[in-house]
Every structure is written in structure tokens, then in C-alpha cells.
Amino acid sequence: QVQLVESGGGLVQAGGSLRLSCAASGRTLSNYVMAWFRQAPGKEREFVGGINKSTGTTYYADSVKGRFTISRDNAKNTVYLQMNSLKPEDTAVYYCAADLWGLANHYQKKYEYWGQGTQVTVSS
């Protein structure tokens, strides 16, 4: 079983940047497909982006494409979400998720392991 812990959230002004980290313990993260999701107040959790385990290919929701970048550092057993040009509508709790099989996609039920989330607040 893999345990995921997100960090790096906080309060930032619109146009600013944050980098979220998702650190794994218990298993080697390079064996997992990883994804980031977010949930804004009063809204359903939504896919932000994902990264495949073998190719490192990344996928992004249209709402963040060109602004957010997912990367992984296998030596540190950590996945990152670099968020630039932040907007107030990016305000949400951000979760990382992991799954052993297949390719990264936007289906939440695919992912077996989840972190507890980290709050990102973007002020206007």
C-alpha cells in the first residue's frame, strides 16, 4: 500500500505561482500512474492532470493547460504540480492520487490511493 501526503498549498495572489508536492511512502512511486484532482467549495472533485509511469507523458484539463505542469522525481519518490498564472477560480483543495495500472485519465474511480489534500487559495 502507498501513502500519499500533499504539501505546498497556501494563499497566493492572482497571477502568482505555487508548487505542490505529493510525497509517497510505502512503495516506489515510479511504479504508479499519478494524478492531481481538485475540489472547490460546493463543487465536485475534478481532474487537473496526470502523468504516466513509464513514458512520463502528461495530460491536463483544458482549464489548466499551459499554466500547470506535472512532474515526478523518482529519486525523491515525489510528484509535483507547478501552478503558474493562478486565478481565483483555481481555489480548491488539491489531491494527489495513485494507481498501479494503465494510463493516467480523469476517472476518479481509477485511482486506488489518495492523499488528504492541501488547500490552495487564490485571492483577486
Side-chain angles (χ1 to χ4, degrees):
Q1 189 169 1
V2 61
Q3 290 80 43
L4 304 174
V5 178
E6 302 95 335
S7 62
L11 174 64
V12 64
Q13 288 188 333
S17 299
L18 280 175
R19 188 178 77 160
L20 305 184
S21 300
C22 174
S25 61
R27 291 290 187 271
T28 301
L29 206 54
S30 60
N31 294 329
Y32 291 80
V33 174
M34 300 297 298
W36 287 92
F37 289 79
R38 68 185 181 185
Q39 187 168 20
K43 295 187 177 181
E44 294 187 354
R45 190 158 54 184
E46 64 176 3
F47 176 76
V48 174
I51 183 167
N52 288 334
K53 57 182 175 179
S54 56
T55 63
T57 303
T58 53
Y59 305 90
Y60 299 97
D62 288 343
S63 58
V64 306
K65 201 171 293 182
R67 299 189 297 123
F68 290 11
T69 303
I70 296 174
S71 61
R72 60 197 310 162
D73 186 335
N74 293 333
K76 295 184 177 180
N77 225 28
T78 300
V79 172
Y80 302 99
L81 178 66
Q82 177 67 44
M83 306 186 294
N84 298 328
S85 302
L86 283 161
K87 305 175 181 179
E89 51 263 45
D90 294 318
T91 295
V93 177
Y94 284 71
Y95 301 88
C96 66
D99 191 71
L100 266 177
W101 309 108
L103 301 176
N105 61 43
H106 63 281
Y107 292 106
Q108 296 184 48
K109 291 184 178 180
K110 164 186 171 54
Y111 298 92
E112 184 173 1
Y113 305 104
W114 291 80
Q116 293 301 306
T118 185
Q119 175 71 47
V120 171
T121 303
V122 184
S123 63
S124 58

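Predicted model, so just to flag it, every value in this text is computed and none were measured.
Proximity of Tyr59 to Ile70: side-chain heavy atoms (C-beta onward) are nowhere separated by under 4.5 Å. Considering only heavy atoms from C-beta on, Gln108 comes within 4.5 Å of Arg45 through its side chain. No side-chain heavy atom of Lys53 sits under 4.5 Å from any side-chain heavy atom of Leu103. Residues Phe47 and Tyr60 form no side-chain contact, since every pair of their non-hydrogen atoms from C-beta on lies 4.5 Å or further apart. Contact check for Met83 versus Ser17: no side-chain heavy atoms found under the 4.5 Å cut-off. Side-chain contact between Val79 and Leu29 is present, with heavy atoms from C-beta onward closer than 4.5 Å.
Rounded to the nearest 0.5 angstrom, Arg67 CZ and Gln82 CD are separated by 12.0 Å. Glu46 CD to Gln39 CD: the interatomic distance, rounded to the nearest 0.5 Å, is 9.5 Å. Put simply, OG1 on Thr121 and CD on Gln13 are 13.0 Å apart, with the number rounded to the nearest 0.5 Å. With rounding to the nearest 0.5 angstrom, the CG atom of Leu81 is 9.5 Å from the CZ atom of Arg38.
Between Lys65 and Asp62 a salt bridge is recorded (basic side-chain N to carboxylate O distance below 4.0 Å).
For the residue pair Arg27 and Gln1, no side-chain donor N or O sits within less than 3.5 Å of a side-chain acceptor on the partner. In summary, the side chains of Thr57 and Asn52 do not present any donor paired with an acceptor at a separation below 3.5 Å, with no hydrogens or angles considered.
Between Pro88 and Ser124 the shortest heavy-atom distance is CG-CB, 3.8 Å. The two residues Tyr111 and Ala97 come nearest to each other via the heavy atoms CB-CB, 3.6 Å. Taking both residues in full, the closest heavy atoms of Met34 and Ala98 are given as SD-CB, 3.4 Å, listed atom of the first, atom of the second, then distance. Nearest approach of Val93 to Gly117, heavy atoms of both residues: CG1-CA, 3.8 Å. The shortest non-hydrogen separation linking Thr91 to Pro41 is O-CD, 4.4 Å.
With hydrogens and angles ignored, the 3.5 Å screen pairs no side-chain donor or acceptor of Asn74 with any backbone N or O of Asn77. Although no hydrogens or angles enter the test, the distance criterion places no donor-acceptor pair under 3.5 Å between the side chain of Glu6 and the main chain of Thr118.
Atom CD of Gln3 sits in a crowded spot, with more than 12 heavy atoms from other residues, nucleotides or ligands closer than 6.0 Å.
Between Phe68 and Tyr94, the ring-plane angle classifies as tilted under the 30° and 60° cut-offs. Classified by interplanar angle (parallel below 30°, tilted 30° to 60°, perpendicular above 60°), the ring pair Phe37/Trp114 is tilted.
Clustering ILVMFWY residues whenever any of their side-chain heavy atoms sit less than 4.5 angstrom apart, transitively, puts Val48 in the very cluster that holds Leu4. Residues Tyr95 and Val64 fall into different hydrophobic clusters, defined by Ile, Leu, Val, Met, Phe, Trp and Tyr side chains chained together at heavy-atom separations under 4.5 Å. Cluster membership for Leu20 and Val122, using ILVMFWY side-chain heavy atoms within less than 4.5 angstrom, is shared. Put simply, Leu11 and Leu18 are part of two different groups of oily side chains (I, L, V, M, F, W, Y) that touch within less than 4.5 Å, one to the next. The same ILVMFWY cluster, assembled from side-chain heavy atoms under 4.5 Å apart, contains both Trp36 and Val120.
Residues passing the side chain to side chain donor-acceptor pair (under 3.5 Å) test with Asn105, sequence neighbours excluded: none.
Counting only residues at least two apart or on different chains, the disulfide (SG to SG under 2.5 Å) pairs with a member in residues 2-53 are Cys22-Cys96. Within the structure, every pair that satisfies the salt bridge (charged side-chain N to carboxylate O under 4.0 Å, His left out) test and touches residues 100-120, not counting sequence neighbours, is listed here: Asp99-Lys110.
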